Every structure is written in C-alpha cells, then in structure tokens.
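Chain letters run A, B, ... following the sequence lines, proteins first, then strands; residues in each count from 1. The model shown is predicted, which means the values in this text are computed figures rather than measured ones.
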Protein chains: 2
Amino acid sequence: MSKTKELNLKEQIIDAARRVLLSEGYRNFSLRKIAGEIDVSATSIYLHFENKDDLVHTLMEQAIERLNNQLQQVVSEADSPIAKLEALAYEYVRFALKYQREYQIIHLTSSDEMTRYPKEKFRKARKGYEIVSNVLQEGADGGLIAEEKPRMAAYTFWAQLHGVMSVVLSKRLDTRINRQEFIDEAIEHIIDGYKIRTALQTNNK
Amino acid sequence: MSKTKELNLKEQIIDAARRVLLSEGYRNFSLRKIAGEIDVSATSIYLHFENKDDLVHTLMEQAIERLNNQLQQVVSEADSPIAKLEALAYEYVRFALKYQREYQIIHLTSSDEMTRYPKEKFRKARKGYEIVSNVLQEGADGGLIAEEKPRMAAYTFWAQLHGVMSVVLSKRLDTRINRQEFIDEAIEHIIDGYKIRTALQTNNK
DNA sequence: ACGCAAAGGTTAACAGTGTTAACTTTTTTA
DNA sequence: TAAAAAAGTTAACACTGTTAACCTTTGCGT
C-alpha cells in the first residue's frame with residue numbers, strides 16, 4: 001500500500017532493519033520482517049539494496065560511524081596519552097555493552113556468515129584506528145609509550161579489546177568471574193602492554 | 001538407502017558435517033547437504049541430534065578439545081613461564097590459521113547466531129583456561145609475572161588473542177600491514193601486559 | 001493537457017532452509 | 001516365529017533470500 005512516502009524509503013528500510021535487528025537479533029533478521037515493519041513488500045528492499053548483505057553492510061557502516069564519533073569525542077576530553085587510551089577503551093566497552101546487537105553486527109563478517117565487507121566502506125571504518133594511532137604516536141614522542149609502529153599497534157590495540165568484548169558478550173565468562181572486574185583487568189593489561197618498560201609506573205588504585 | 005551401516009551413524013554424521021563445514025563454510029552448512037554426503041535422509045540427523053545447533057555444538061566441542069590438546073602439548077615442551085605463554089599463543093594462532101572454519105565455529109556463539117553453548121560442554125572447554133592459569137601462577141611465583149588473579153588473567157589472555165585472530169581471519173587488516181608482523185607484534189604486546197613491570201627486560205630479538 | 005517513458009512498487013514463483021508428524025522398514029527380543 | 005522397539009524415510013509446514021513478470025504512479029516533453 002505505502003500510503004505515505006513520508007520519507008525516503010531507503011531511510012525507512014534502514015530504520016526498520018535496525019529495529020528488527022535490535023529486537024529480534026541477527027538470527028531472526030529477515031527481509032520480510034523488515035518489510036512488514038513499514039508495510040511494504042519484501043522485494044522493494046531490492047530497489048535500494050543489492051541484497052541482504054548489502055543492507056547489513058549499511059547497518060555496519062552506520063554503527064561504525066557512530067562508534068568512531070564517540071571515540072573521537074572522548075579522546076579530545078582526556079589529556080595524557082595513557083588517559084586517552086583508557087578513555088578510548090572504556091568508551092569502546094560502553095558502546096559494545098549498550099548496543100550489543102549493533103556491535104555484533106560490526107563484527108559479523110568474521111564468521112564467513114557474510115560477504116566480505118566492501119573496501120570502499122572499509123576506508124571510513126579506519127578512522128577509529130587513526131585515532132589510536134595518533135595517541136600512540138603522541139605517547140611515543142612523550143616517552144610514555146614504547147611504540148615505533150603506531151599504525152600496526154593501533155590495530156593490535158583494537159583487536160585485543162574486541163576479543164575481550166567478544167568473550168563478554170558471548171556470555172562465555174566463567175561464572176566465578178565478575179564481568180566488570182574482568183573488563184577492568186583486561187584493559188589494564190592491554191594498556192600495560194603498550195607502556196614503556198623501564199621505570200616502574202604503578203597507577204594508584 | 002544406507003547400504004552399509006559401516007559405523008555408528010552418529011559418527012558418520014559428525015564427519016560429514018565437518019567435511020561440509022570445511023568445504024562450504026558455515027553459511028552453506030545445511031542439514032540436507034550433510035545428509036546427502038552420506039546418502040541418508042536429512043531427518044535422520046534428528047535421531048542423533050536434537051537440532052542443528054546441537055550438531056554444531058558437537059563440532060565445536062570436538063574442535064575445542066583438539067585445540068586444548070595441542071595447547072597441552074606445547075606447554076609441556078617450553079620451560080620458562082614466559083616461553084610457555086609465547087608457545088601457547090603461537091600454537092593458538094597456528095590452529096586458527098590452519099583450521100579457520102573450525103576456529104570460526106568455536107567462536108560462533110558470539111554472533112547470537114546460535115543457541116548459547118550448553119554449560120555441560122562448557123566445562124571441558126575450560127581446560128585451555130586452566131593451562132594458562134597455571135602458567136601465570138607459576139610465573140607469579142617465580143617473580144616474572146605480575147598476577148594475583150591467574151584465573152581471571154587467563155581469560156583476558158585468551159580473549160585478547162582471540163580478538164587478534166578474529167581480525168586476521170576476517171581479512172580486515174589494513175593492506176599496508178603484514179599479517180605475520182601483526183601477529184608477532186600483537187603477541188608481544190599481550191605478553192608484555194603480563195610481565196612484571198619493574199626491571200627492564202628486553203627480549204633479544 | 002495529453003501521451004509516454006521511466007521509476008517505484010507489487011505478486012507469484014523458485015529453490016532452498018530447519019523441523020515435525022506420520023508412515024515404513026529393519027532389528028531385536030521373547 | 002510373532003510382537004515390540006529402534007532406525008529411517010516421505011511428505012508437509014512455515015519460513016528464508018532472490019528473480020522475473022507485472023502493475024501503477026510519477027514526471028516530462030511536446
């Protein structure tokens with residue numbers, strides 16, 4: 001029927017898709033369900049997206065963009081490089097916990113579940129890496145961080161953090177381990193791994 | 001037809017399932033395809049497994065067991081705790097690269113793609129954590145590793161490593177970054193994060 | 001203002017999925 | 001050898017993503 005074309009149908013589809021994803025999870029994320037949400041036929045999705053993967057990629061792209069913006073924000077509010085790394089890590093964690101399903105979508109490609117993420121979209125996603133890369137460089141210049149390959153280290157940094165959140169979200173943590181403690185401990189270790197390794201720098205906690 | 005019941009059908013199904021998984025990937029992993037492999041009707045899978053997830057869980061279980069055995073092996077061959085951590089990390093990497101699809105299956109639950117991993121099977125999976133936990137304890141006793149919560153640290157250790165391999169396998173690495181270098185660097189950082197933080201201990205490389 | 005082309009959207013259909021119920025065959029047991 | 005239990009099959013259901021063919025509305029050029 002499509003009574004009102006109130007908005008760009010493409011936007012409507014994306015919105016509905018996100019709603020379905022958030023409420024039903026990726027497993028029950030179907031084109032017909034999305035279409036039903038906005039009273040439109042399932043096939044009209046194909047007018048705006050090549051296929052289901054394409055739609056999911058769009059969701060991924062937006063989620064990544066949102067995350068990157070948040071990261072950009074917090075990094076500008078901290079001052080020392082170490083504090084920045086910590087702030088970035090905790091913001092990442094916050095995002096992953098708050099938007100679990102979207103976070104999972106971001107890391108879905110991994111499971112070969114999905115066509116590879118297209119490389120045009122890939123470029124935008126790199127912003128998060130650049131942020132960390134800059135912080136690491138800054139820290140290296142200031143003699144706080146031991147890192148001669150900041151770009152690479154930025155990738156290892158996020159990878160480590162992703163692994164931590166992946167375990168948390170998949171609920172595979174040993175029940176004897178408290179989630180928040182786990183996160184705190186992990187972040188501490190990760191950041192320690194980048195600190196310069198000469199003087200003893202205990203952080204007062 | 002099922003001419004020969006050469007073996008326990010359950011075993012045959014598991015074997016066929018693994019073959020299909022390895023050759024087709026999880027995306028095209030279907031019960032009918034598995035059944036076709038061994039000339040049996042798709043529904044007979046239900047005689048031995050509750051449902052598809054149950055079958056996948058069985059595959060996961062076996063893959064985890066195999067991985068844990070490998071880990072057990074290498075840890076016994078190294079001597080210092082640090083060397084053991086390194087050996088464990090590299091064995092993990094080797095496994096993930098060699099049996100990519102099985103590795104991915106192990107970490108599939110994460111994507112909510114799948115019913116939660118049943119907790120009886122969960123217990124067996126913990127062996128890998130215990131191995132690292134012991135090494136960390138050993139290192140702490142020897143004053144090489146700063147860790148008062150070895151169990152928790154074991155989880156953070158594997159989580160980080162998983163994150164690293166997850167990025168590698170999803171082919172999301174910046175093309176300017178060499179894969180092996182990335183892995184090496186990441187492992188170094190991860191292990192550094194657990195080393196005691198007083199004397200400078202440069203490893204000669 | 002009219003006709004026509006194109007855009008936007010729909011219906012019907014295909015091939016495939018996991019899963020269930022009802023049926024048939026084989027094996028075991030008494 | 002007959003009855004009971006186990007092992008397996010066929011048919012069907014309710015879905016899935018995707019394509020081709022069709023209809024309907026919109027905008028445009030004359």
Checklist line | B:His162 and A:Ser166: side chain donor to acceptor below 3.5 Å | finding: yes
Checklist line | Ion pair B:Arg66/B:Glu102, N-O distance below 4.0 Å | finding: yes
Checklist line | Identified side chain to side chain contact (heavy atoms under 4.5 Å, CB included) partner of A:Asn68 from the options A:Arg126, A:Lys127, A:Glu130 | finding: A:Lys127
Notebook entry, point to check: Can you check the A:Ile45 CD1 to C:dG8 P distance for me, whole Å?
Noted result: 16 Å
Note to self: For a quick check, tell me whether the side chain of B:Thr43 and the base of D:dT10 share a donor-acceptor pair closer than 3.5 Å.
What the structure shows: yes
Notebook entry, point to check: Atom CG of A:Leu55 and atom C1' of D:dT16: how far apart are they, to the nearest Å?
Noted result: 15 Å
Notebook entry, point to check: For A:Asp184 and A:Tyr90, does a side-chain donor sit closer than 3.5 Å to a side-chain acceptor?
Noted result: yes
Margin query: Any base atoms under 4.0 Å from A:Ser30, or only sugar-phosphate, or nothing? Heavy atoms, all strands.
Written below: sugar-phosphate
Item checked: 5′-ward residue of the pair B:Ser44/A:Lys52 relative to DNA chain D -> B:Ser44
Checklist line | Whole angstrom value for the distance that separates P of D:dT19 from CZ of A:Phe49 | finding: 16 Å
Next item on the list: From the options C:dA13, D:dG8, C:dG9, select the nucleotide whose nearest atom is closest to the side chain of A:Arg32.
Entry: C:dA13
Notebook entry, point to check: Closest to the A:Leu31 side chain: D:dT18, D:dA11, C:dG18?
Noted result: D:dT18
Checklist line | Whole-Å gap separating P (C:dT10) and NE2 (A:His48) | finding: 11 Å
Checklist line | Nearest listed nucleotide, side chain of A:Leu47, among D:dT16, C:dG9, C:dT19 | finding: C:dG9
Notebook entry, point to check: B:Asn28 has an atom CG; how far is it from atom C1' of D:dT16, in whole Å?
Noted result: 14 Å
Notebook entry, point to check: Roughly how many Å is it from CG in A:Leu9 to P in C:dA7, rounded to a whole number?
Noted result: 16 Å
Next item on the list: Using whole Å, report how far CG of B:Asn51 lies from P of C:dT17.
Entry: 17 Å
Check: Considering only heavy atoms from C-beta outward, does the side chain of B:Glu77 approach that of B:Lys84 to under 4.5 Å?
Finding: no
Next item on the list: Using atom CD1 of A:Ile13 as one end and atom P of D:dG17 as the other, report the distance to the nearest whole Å.
Entry: 13 Å
Note to self: Over all strands shown, is A:Phe29 touching base, sugar-phosphate only, or nothing at heavy-atom distances under 4.0 angstrom?
What the structure shows: sugar-phosphate
